[in-house]
2 protein chains.
Amino acid sequence: MSTRFRIHDSAILYFDAVRSAASIRGAARRLNVASSAVNRQILNLETELGTRLFDRLPGGLRLTAAGEILAEHVTTVLQDAERTRSALDALAGLRTGHIEIATLEGLCQDIVPSAIKILGLQGSRITVGVDVMPTADIPDAVAAGNAHLGLAFEVRPRADLQKLASVRLQLGVVVLAKSPMARQAALTLRDCSDHQLILPRANFANREQLISTLSESDVRGRMLVDAGSITLMKQLVLNGVGISFMTRIGIEDELKTGRLVHIPLFAGRKPIVSELGLYARRGSARPIAVEAFANILTGLMATSEKADRARRNTVSKRG
Amino acid sequence: MSTRFRIHDSAILYFDAVRSAASIRGAARRLNVASSAVNRQILNLETELGTRLFDRLPGGLRLTAAGEILAEHVTTVLQDAERTRSALDALAGLRTGHIEIATLEGLCQDIVPSAIKILGLQGSRITVGVDVMPTADIPDAVAAGNAHLGLAFEVRPRADLQKLASVRLQLGVVVLAKSPMARQAALTLRDCSDHQLILPRANFANREQLISTLSESDVRGRMLVDAGSITLMKQLVLNGVGISFMTRIGIEDELKTGRLVHIPLFAGRKPIVSELGLYARRGSARPIAVEAFANILTGLMATSEKADRARRNTVSKRG
DNA sequence: CGTCGCGTTGCCGTTTCGGCATCAGGCGAT
DNA sequence: ATCGCCTGATGCCGAAACGGCAACGCGACG
């Protein structure tokens with residue numbers, strides 16, 4: 001997670017690098033030092049603490065139980081060091097820091113870039129890193145300290161994660177504007193029987209929500225594409241290949257220009273909603289830049305939800 | 001706060017020592033190193049961070065605003081290091097650690113020693129330090145990291161403190177068992193007009209509670225001793241010098257043996273109660289030994305409150 | 001005015017650290 | 001089995017950092 005200030009002993013920096021690289025030589029490459037130096041620091045740590053911190057297995061290292069304990073400490077220390085660094089810079093009148101966020105591809109369409117734009121990087125020393133990964137990996141990335149923030153759908157509560165904000169967004173059917181279905185105000189899954197389905201892949205959170213209401217037999221034969229990308233799903237719909245299920249996240253532009261239509265999906269009388277949440281590591285205070293970015297994201301999420309609710313209301317009126 | 005394991009750079013240890021000693025040479029003496037070594041580390045830190053951390057004023061050093069920020073980080077790191085240390089020891093099957101508690105003299109009569117006894121130090125490597133100080137200093141000691149736990153009356157809520165437990169205890173009049181007042185079930189301050197008063201000194205939290213219900217004119221002329229010690233107050237009552245006001249804390253033995261009587265004090269129909277709270281530094285996780293000790297204290301506090309309530313109930317029945 | 005304690009700085013021996021070359025061992029392809 | 005390649009570990013040596021000693025400048029106090 002970029003450069004930190006050198007208040008702390010190199011041993012804990014090396015330890016952290018070895019942990020995340022799962023390899024001494026790999027960590028040494030990333031740190032631009034000789035592997036022997038890294039190795040020695042790890043060995044010193046182990047003798048000082050009187051415990052093995054890593055299991056040496058062919059092809060790399062893996063944390064022992066004691067290593068896990070130390071890793072948590074080191075992560076806490078380094079994150080707090082980063083926060084302290086930006087606090088000191090803020091005292092000197094500078095806006096500095098680095099924000100690392102783990103999120104989904106679809107959120108890079110509108111919310112995340114808008115937030116970065118609002119943050120106003122020009123003239124500051126703030127840098128932003130965006131890591132796109134599958135839903136399931138996002139909580140781990142945040143908990144391990146590889147990202148300050150995680151933005152994802154349907155994250156299960158975890159003791160080591162803190163939910164900073166969340167909104168509930170409507171799942172719906174996405175069709176071409178010229179499609180006859182586009183005139184409907186609301187749909188159930190049964191209404192889609194004549195169409196080819198483009199479903200999110202298993203590593204998408206919304207997949208499970210759809211499957212739970214849709215029986216497997218319904219899907220079989222009619223599922224055309226098992227898409228691992230929101231962009232892919234969107235493009236397939238745009239090309240008339242089929243219809244898809246998603247929230248309005250990731251297709252904001254196409255909805256605005258009217259090329260696509262998002263029709264709320266119902267299971268009986270209840271709308272199917274998906275929870276978009278913003279998460280951080282529990283317990284550790286966040287650098288001011290990260291806090292500011294989180295606030296911006298929270299605001300944008302609320303705006304999205306408001307737009308979603310408005311949409312749902314007009315639907316109710318019509319239906 | 002005793003020895004820590006040397007995972008971390010000596011610079012932050014030196015910084016912490018200088019901060020608490022408010023002096024470089026003083027810190028050097030405590031650390032058993034040359035003052036020049038300490039000085040150099042501080043200067044290095046300042047150049048690395050690009051800010052002055054201490055104001056050099058004749059007679060010692062004082063933290064600057066930047067120094068305060070770094071101090072908070074260092075305190076967090078060192079406390080978490082200590083917790084990690086004990087967690088690693090626990091993993092190795094050892095019970096180790098150090099518990100530093102800041103409290104009042106009166107609580108050393110029964111609750112604190114009972115808790116230490118229950119902790120069962122024999123056979124373990126756990127050590128306990130008890131620091132007795134005025135009520136007002138206890139929150140600061142905990143917030144600054146000089147003590148893990150603080151046990152005191154009527155602590156005002158602070159953002160950097162966390163209340164782990166609290167009980168409300170009855171304030172009352174303490175008289176000799178042979179005194180005619182001893183037969184009363186409840187008293188108001190007016191009932192005490194014929195007696196010489198032994199009041200807690202201004203640095204005791206309960207003083208303010210009494211003064212707020214007692215007008216200054218009531219006190220003047222009848223106050224005999226302005227006592228800065230619970231033991232002193234107790235002994236004065238035992239010697240027939242006057243009557244005193246306090247909770248049942250600190251005179252448990254004398255109440256049990258029947259030499260003294262504690263009569264609940266009322267302001268009108270409302271009993272006057274004082275809140276005894278157990279506090280820790282906000283945000284930082286506590287070492288397991290500290291956590292265990294805090295739990296024991298919490299239990300004892302609850303027991304005290306239960307006894308106090310029972311006493312109050314019997315009073316209500318009689319009155 | 002001298003003295004005392006303070007933080008600071010130059011000098012120097014010791015310790016620590018990092019880079020290089022090397023060794024021993026596991027894995028996979030040949 | 002061999003060979004190549006990767007891994008972590010270990011001597012060796014120059015460089016950098018650290019700590020101890022002595023001395024300096026400065027302000028406070030008597």
Side-chain angles (χ1 to χ4, degrees), chain A residues 3-68 70-71 74 78, chain B residues 3-68 70-71 74 78:
Chain A
T3 56
R4 298 208 180 77
F5 64 152
R6 320 193 282 282
I7 287 290
H8 293 287
D9 200 296
S10 59
I12 71 168
L13 296 175
Y14 288 8
F15 173 84
D16 190 57
V18 170
R19 175 195 61 80
S20 79
S23 152
I24 286 186
R25 290 185 117 102
R29 278 190 292 271
R30 200 181 304 177
L31 294 165
N32 290 319
V33 291
S35 67
S36 59
V38 177
N39 183 42
R40 254 186 278 267
Q41 294 292 346
I42 301 298
L43 292 176
N44 275 348
L45 268 182
E46 291 182 328
T47 58
E48 286 234 23
L49 298 180
T51 326
R52 280 287 203 197
L53 296 172
F54 292 100
D55 284 327
R56 273 74 167 176
L57 33 90
L61 307 195
R62 195 184 51 203
L63 286 171
T64 63
E68 299 270 9
L70 185 63
V74 168
L78 294 182
Chain B
T3 57
R4 299 206 178 77
F5 65 152
R6 317 195 283 280
I7 288 288
H8 294 287
D9 198 297
S10 59
I12 71 170
L13 297 176
Y14 288 8
F15 173 84
D16 191 57
V18 170
R19 175 196 60 79
S20 79
S23 152
I24 287 187
R25 288 186 120 102
R29 279 191 292 271
R30 200 182 303 177
L31 294 166
N32 290 320
V33 291
S35 66
S36 59
V38 177
N39 183 43
R40 255 186 278 266
Q41 295 291 345
I42 300 298
L43 293 176
N44 274 349
L45 269 182
E46 290 183 326
T47 59
E48 286 234 23
L49 299 180
T51 327
R52 280 287 203 195
L53 296 172
F54 291 100
D55 283 327
R56 274 72 167 179
L57 35 89
L61 307 194
R62 195 184 49 203
L63 286 171
T64 63
E68 300 271 8
L70 185 63
V74 167
L78 293 182

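Atom set for the values below is all heavy atoms of this structure, side chains included, hydrogens, waters and symmetry mates excluded. Just so we're on the same page: letters track the sequence lines, and every chain starts at 1.
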Side chains of A:Leu43 and A:Thr47: closer than 4.5 Å at any heavy-atom pair? no
Taking atom P of C:dT9 as reference, at what distance in whole Å does atom CD1 of B:Ile42 sit? 14 Å
Using whole Å, what does the distance between atom C1' of nucleotide D:dC26 and atom CD1 of B:Ile24 come to? 15 Å
What are the two closest non-hydrogen atoms of A:Ile12 and A:Val74, and how far apart are they? O-CG1, 3.7 Å
Between B:Ser20 and B:Arg30, is there a side-chain donor-acceptor contact under 3.5 Å, judged purely by atom types and distance? yes
Against the side chain of B:Pro58, the closest entry in D:dA9, C:dT8, D:dG27 is D:dG27
Kindly point out which of C:dC17, D:dA9, D:dG20 is positioned nearest to the side chain of A:Gln41? C:dC17
Return the value, rounded to whole Å, for the distance between atom CG of B:Asn44 and atom P of C:dT9. 11 Å
Closest heavy-atom contact between A:Gly26 and A:Ala21? C-CB, 4.2 Å
What integer distance in Å separates A:Asn39:CG from C:dT16:P? 18 Å
Which residue, B:Asp9, B:Leu70, B:Val38, forms the side-chain contact (heavy atoms from CB on, under 4.5 Å) with B:Phe15? B:Leu70
Interatomic spacing from CD1 in B:Ile7 to CD in A:Glu48 - rounded to 0.5 Å: 6.5 Å
From CZ of B:Arg19 across to P of C:dG7 the rounded distance in Å is 16 Å
Which whole-number value in Å describes the distance from A:Arg52 CZ to D:dG8 P? 12 Å
Quick one: is A:Ser35 getting a side-chain N or O under 4.0 Å of the C:dG18 phosphate, OP1 or OP2? no
So, for B:Ala17 and B:Leu31, which heavy atoms are closest and what is the spacing to 0.1 Å? CB-CD1, 3.7 Å
Rounded interatomic separation in angstrom, taking CZ from A:Phe54 and P from D:dA9: 10 Å
Are the side chains of A:Val33 and A:Tyr14 in contact, using a 4.5 Å heavy-atom criterion? yes
Note: contacts of residues 25-33 of chain A with DNA chain D (heavy atom, under 4.0 Å) are A:Arg25, A:Arg29
Listed nucleotide nearest any side-chain atom of A:Arg56, set D:dG8, D:dG19, C:dT9: D:dG8
Rounded to whole angstrom units, what separation is found between the CG atom of A:Leu57 and the C1' atom of C:dG25? 14 Å
In a table with atom names and distances, give each donor-acceptor pair under 3.5 Å that connects a side chain of residues 50-68 of chain B to protein atoms at least two apart or in another chain.
from: B:Thr51; atom 1: OG1; to: B:Leu49; atom 2: O; distance (Å): 3.3
from: B:Arg52; atom 1: NH1; to: B:Glu46; atom 2: OE1; distance (Å): 3.2
from: B:Arg56; atom 1: NH1; to: B:Glu46; atom 2: OE1; distance (Å): 3.4
from: B:Arg56; atom 1: NH1; to: B:Glu46; atom 2: OE2; distance (Å): 2.8
from: B:Arg56; atom 1: NH1; to: B:Phe54; atom 2: O; distance (Å): 3.0
from: B:Arg56; atom 1: NH2; to: B:Glu46; atom 2: OE1; distance (Å): 3.1
from: B:Thr64; atom 1: OG1; to: B:Arg52; atom 2: O; distance (Å): 2.8
from: B:Thr64; atom 1: OG1; to: B:Leu53; atom 2: O; distance (Å): 3.2
from: B:Thr64; atom 1: OG1; to: B:Ala66; atom 2: N; distance (Å): 3.4
from: B:Thr64; atom 1: OG1; to: B:Gly67; atom 2: N; distance (Å): 3.1

Polar atom pairs (N or O), protein with nucleotides 10-15 of chain C, under 3.5 Å:
from: C:dG10; atom 1: O6; to: B:Arg40; atom 2: NH2; distance (Å): 3.1

